[in-house]
Each structure stands twice: as C-alpha cells, then as structure tokens.
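For the numbers below, each heavy atom of this structure counts, side chains included, while hydrogens, waters and symmetry mates do not. Each chain gets a letter, A, B and so on, in the order its sequence line appears, and its residues count up from 1.
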There are 2 protein chains.
Amino acid sequence: MEQILPHLDSVFSIDCVLFGFDGKELKILLIERNEEPFKDWWALPGNIVGPDESLDQSASRILYELTGLRGIYMEQYYAFGDPNRHPQGRVITLAYYALIRLGGDKELRPISTYAKRANWLPITDLPKLAFDHQKIYDKGLEKIKRRIKHQPIAFELLPEKFTLTQLQHVYELVLGKKLDKRNFRKKIVSFGVLKELDEKQKGVSYRAATLYRFDKRKYAKLFGKEISF
Amino acid sequence: MEQILPHLDSVFSIDCVLFGFDGKELKILLIERNEEPFKDWWALPGNIVGPDESLDQSASRILYELTGLRGIYMEQYYAFGDPNRHPQGRVITLAYYALIRLGGDKELRPISTYAKRANWLPITDLPKLAFDHQKIYDKGLEKIKRRIKHQPIAFELLPEKFTLTQLQHVYELVLGKKLDKRNFRKKIVSFGVLKELDEKQKGVSYRAATLYRFDKRKYAKLFGKEISF
DNA sequence: AATATAGTGTGTATTTTTTACACTAAGTAA
DNA sequence: TTACTTAGTGTAAAAAATACACACTATATT
C-alpha cells in the first residue's frame, strides 16, 4: 500500500476492498493507519507487489496476511494512478475486490506495522478514507453491483448452505434496493444453479427455511447463456 | 538512486487496443516491432508511463503519438502483470481500448524507433502477436462486447452523421452476430438518444438512407436508466 | 393447551419486452 | 423502361417481468 516512501519513479501497489457479509450487513475491512501520511485515518488494506508474484497472487497474499484466509474470491477491477494521489510521490495502485463470508471474528489476524488495527465496518456508515480510497471503494461497489447481475458471485458472501431469504438479502444489500420475494425466488430458481437440500435452517425461533447450495456443475454447463438480474 | 526494495523498479507501461471502423470492417492498429525481443513481430502499440502523467493522459499521449489524433474515446480495462510476460524482466502493463472512426489513412503518422511500421488489420484475420498481446486483445474485445450492450460507444466508431444500417453494422461486427433489421431499429430508436436529421446519405448508387446523429443531451438526461441490448 | 409471533412458501393475471418474419418504396444505372 | 439495390415499415406470438396477499409452520409465551 501507501506506506512506502517512493523516491523511485513509480511504485506499484495493490489495494483491496474486502466485502464481507455476516448475515445482516454488508461490511468492508478497513485498517487504521499507524504511519504518515494519513496517520490515524482509515484506509483500504494494501501492499506492494512482490518481484516474482503475479498480480492475482499478490492480491491473495495481501488478503491472507490480513485475514489468514485462502481461496477467497477476488477480482481485479481498476488501476488508479493519478500522479498526485499519494502525497509522497508516484504510486500506481491496482484495485481488487474480494468477497468473504463472515462468521464471528475469527478471520482477523495480528497485522503489519503500518496499521494499528483492522475492523469490519458497515458500508452504510463509513468514515472518511485516506488517499483516494473513497474513489477506489466507490468504483468497487459499482463493480460488484454490475457483476452480481450477471455472475454467481452472491454465493461467495454466503455460507455453503443458505436460505433463499439470505440470498435475496445479499442481492438487496449489494444492489441497494428491495426485491419482491416471489419474483426473486421464481427467477433465481429458474436459472437452475441452485440445489435444494433435504435440510432446514436451525436455531431459529420460527418456521425453519429450506437450505440450498450453489451447484457449480450446473453453472458450468450453462456457459454461453448468461444469467441476468 | 539507492534502491531500498529491489521490486520497486518494476516497469509500468500502457498497451492500447485501438479499434477502428472504416465503414466495412472492424480493425485494430498493430505495429511491427523493430527491436528485440520479438523483433519483426506484430504487437499492440504501447509505451512507458511518464512520471507526471495520469494513466489516462499517458494513454492519450501514446495514441496521439501514433495517430496524431486527440479526444479519442479510450478506456482502461485490465492490468497484466505476470512476472514472465516480458522476457527481459518485470513489466506490468495496463491495457486500454480506444474507438476510432477511420476515414482514409490520414491518421497514421511516422512512428517511434521501436516500430518499423503500423498497420490497421481486420480483426477477422490477425497475425500472431508478441508477448501476451493476444490475451490482451482478447480481453479487450470481450470488454467492448459487453460495453456496447449498455453504453453508447458504438457512435465512437462512426462518423458524426450515420445511417441506421451503418450503426447496425457496427453492432454486428462487435457482437459477432447478425441482428434483425426491424427489431434493431425499433430498439435503438426506442432509447431516444438518436436525432433524425433532414439529410440523406450521399454518393450511393441506390436509395439514400436517412442520416442520424447521437444526441448526447438526451442521453445525459436518461441517466439512471440503462440501455440494454 | 391455547395463543401470539415471526418468517416461510406459494400462484395468477397483467403488462412489457422480445422474437420471428416479408414486402413495398425510392433512388440509381443501364 | 427496366433492372437492381438498399431503405423502410407492422404485426402476431411467445417469453419475461411485474404487481400483488394469504395460509402454513415452528417456536416461544402464557
């Protein structure tokens, strides 16, 4: 990320917008900086790309160092390189978004020196961000809004087994609008990529909902056709 | 200058896929390299990002140096940074696509040392490309295929005044499939972003078609709503 | 045992959008 | 005048999107 002093002509970094869903809210992971510039500000996690890493590997590493998680769905979406975006010199940064199912807080790890702490904060109430990170975040949200309409990325935010209501909830949070329950179900089921399980939700104090699983095989077979919300 | 971190000296470049439409075919601009590596191979035009340029400025400059044109529609779409993509070391490259209306060959200029010559080649018959440029091109085409469905980019490939048949032709070439004439017209007109002119096509040896113009104002007013093909 | 509570799960009618499809009109060239 | 070439147009059928309300079921409470 931005903690390096770039006297060299161009420093190349990766910044990540980690979207997490805890069953209730959509959150992103922010770190509180411990170094100038922007000491004490909230910022997106990021780091410098290593010499022998591919870009995707680098993004995975950054995420692993921060959360201890591997195999997370990530995608590159935009490069930000305004010469003035970093007060200490030229830093070109490549933005990734990642999608994570949150369960408790077990994912967070002790983190590197440039950050005091890291926190999952709901996207409905974000603080001012360091550098041009607001712009990076905005573009990331916009990106997943588009993506979720055509690609099966919602499942990355949910546990392996989920209810249709939970799935609808994810769509509503990402798209930022209410959806009709009956129409949503009709449509999502019609894609034919969900497997209905012989299992019900547990631990709720009301009628338990049927659990579903995303069926990757069926989805793979569907290629050529696009799903569309 | 002392190098604190060895991986900071990665080279950062921009490569461009310039799509051009001459009324008949969709073409891209390729240069024939005059230097190793890949001497005598065809490659996408590109260059190093200057220290005080924004990324978009850099892309515009590269395009200007090559064609003498300014104000061309360009868009960044992906960063390629495999450690092995360049035989002589780490080069991270950011890909842009650009859309250009071709008229005659006046656009091409004498070009820089690393290229022997530049040529517009039809996308239906491309040669082997240097480096990972085939991958970059593929992704660029894919990108404009998606883009043309939702954004008014087709007009960038056409002269200011155009016929509906020409417009349809652009869509067909980009999407790679035939469209129904009546349905195409119905739909494109229903978006309400075309202005029908009191003017006809000239110099054709058959019935002249009505000319249209893309109406940016109407399009701007339409924001929120999305056009969709 | 009865009742309250909270979320699950389902169908239909209407409107809108998409698709498939073929002929006449207009202008030019011979 | 005729032949040629492209422009321009409408409709019916199918598919998809929308709007909308109530009974069911599991648990918690009394």
Side-chain angles (χ1 to χ4, degrees), chain A residues 21-25 145 148-150 154 158-159 161-173 175-213 222 224-229, chain B residues 22-25 148-150 154 158-159 161-173 175-213 222 224-229:
Chain A
F21 179 64
D22 60 6
K24 281 247 153 79
E25 286 178 302
K145 270 190 190 178
I148 206 172
K149 289 186 180 176
H150 304 289
L158 289 166
K161 299 171 182 180
F162 52 83
T163 69
L164 293 183
T165 301
Q166 289 166 345
L167 183 59
Q168 183 178 344
H169 197 183
V170 168
Y171 271 89
E172 289 180 337
L173 286 172
L175 296 176
K177 65 176 182 196
K178 277 261 165 208
L179 300 173
D180 178 85
K181 181 161 67 160
R182 281 182 285 194
N183 294 338
F184 176 83
R185 285 169 180 234
K186 209 186 306 170
K187 188 157 191 177
I188 205 87
V189 166
S190 79
F191 292 150
V193 298
L194 294 184
K195 181 169 178 60
E196 183 176 349
L197 304 177
D198 278 337
E199 216 175 324
K200 302 268 168 183
Q201 206 178 16
K202 272 177 189 148
V204 288
S205 68
Y206 44 81
R207 176 178 179 184
T210 303
L211 292 171
Y212 288 77
R213 165 183 295 162
L222 200 131
K225 289 155 210 158
E226 251 201 0
I227 67 183
S228 181
F229 243 86
Chain B
D22 61 4
K24 282 246 153 76
E25 287 177 302
I148 205 171
K149 289 185 178 175
H150 304 289
L158 288 166
K161 299 171 184 182
F162 52 84
T163 69
L164 293 183
T165 301
Q166 289 165 346
L167 183 59
Q168 181 177 346
H169 197 184
V170 168
Y171 272 89
E172 289 179 337
L173 286 171
L175 295 176
K177 66 177 183 196
K178 277 259 162 208
L179 300 172
D180 178 86
K181 181 162 68 160
R182 280 181 287 192
N183 293 338
F184 177 83
R185 286 170 179 235
K186 207 187 308 170
K187 189 158 194 176
I188 206 89
V189 166
S190 78
F191 293 149
V193 298
L194 294 183
K195 181 169 178 60
E196 183 174 350
L197 304 177
D198 279 337
E199 215 174 322
K200 302 266 167 184
Q201 208 178 13
K202 273 180 188 146
V204 289
S205 69
Y206 44 81
R207 177 178 178 183
T210 303
L211 291 171
Y212 288 77
R213 164 182 298 163
L222 201 132
K225 291 156 207 158
E226 249 201 0
I227 66 183
S228 181
F229 242 84

| field | Nearest-0.5 Å distance that lies between atom NZ in B:K149 and atom CD1 in B:I227 | value | 12.5 Å
| remark: In short, the helix from C:dA1-D:dT30 to C:dA30-D:dT1 is bent end to end, axes from five pairs each side, to 10°, by 10°
| message | Quick one about B:K200 and B:T210 (side-chain donor to acceptor, distance below 3.5 Å, no hydrogens or angles considered), yes or no? | response | yes
| said: Given 3.5 Å as the limit, does a donor-acceptor pair link the side chain of A:Q201 with the main chain of A:A209, or not? | reply: yes
| query | Does any non-hydrogen side-chain atom of B:L167 lie less than 4.5 Å from one of B:Y212? | reply | no
| message | Just to verify, what does B:K187 make a side chain to side chain donor-acceptor pair (under 3.5 Å) with, not counting sequence neighbours? | response | none
| query | Is there a side-chain polar atom (N or O) of B:R185 under 4.0 Å from OP1 or OP2 of D:dG8? | reply | yes
| query | Separation of A:L164 atom CG from C:dT8 atom C1', in whole Å? | reply | 10 Å
| query | Taking the side chain of A:K181 as its heavy atoms from C-beta onward, which of C:dG9, D:dT18, D:dT9 lies nearest to it? | reply | C:dG9
| task | Take A:I188 and A:Y171 through the side-chain contact (heavy atoms from CB on, under 4.5 Å) test and state the conclusion after the steps. | result | CA-CA 11 Å; A:I188 205 87; A:Y171 271 89; 4.0 Å; yes
| Roughly, in whole Å, what's the span from NZ in A:K178 to C1' in D:dT18? | 17 Å
| remark: Closest to the 5' end of DNA chain D, once B:D180 and B:T165 are matched to their nearest nucleotides, is B:T165
| said: Is it the case that D:dT18 (base atoms only) and A:K186 (side chain only) share a donor and an acceptor within less than 3.5 Å, ignoring hydrogens and angles? | reply: yes
| task | Measure from CG on A:L167 to P on C:dT8 and round the result to the nearest Å. | result | 13 Å
| query | Does B:L194 reach the side chain of B:F162, with side-chain heavy atoms less than 4.5 Å apart? | reply | yes
| What is the distance, rounded to the nearest whole Å, between atom CG of B:N183 and atom P of C:dA22? | 13 Å
| request: Given side-chain contact (heavy atoms from CB on, under 4.5 Å), test A:L158 with A:R213 step by step and report yes or no. | output: CA-CA 10 Å; A:L158 289 166; A:R213 165 183 295 162; over 6 Å; no
| Between P of C:dA20 and CG of B:L179, the distance in whole Å | 11 Å
| field | Atom pair distance, as rounded to whole Å: CD in B:Q168 and C1' in D:dA7 | value | 12 Å
| Is there a side-chain polar atom (N or O) of B:K187 under 4.0 Å from OP1 or OP2 of C:dT18? | yes
| request: Answer yes or no: is there a donor N or O on one side and an acceptor on the other, between the side chain of B:E172 and the main chain of B:L179, under 3.5 Å? | output: yes
| Side-chain-base donor-acceptor pair under 3.5 Å for A:R182 and D:dA21 | yes
| Contacts to DNA chain D from residues 194-213 of chain B, heavy-atom cutoff under 4.0 Å, which residues? | B:Y206, B:R207, B:A209, B:T210
| How close or far is atom P of C:dT17 from atom CZ of B:F191, stated in whole angstroms? | 11 Å
| task | Please state how far atom CZ in A:F229 lies from atom C1' in D:dA16, giving the value in whole angstrom units. | result | 13 Å
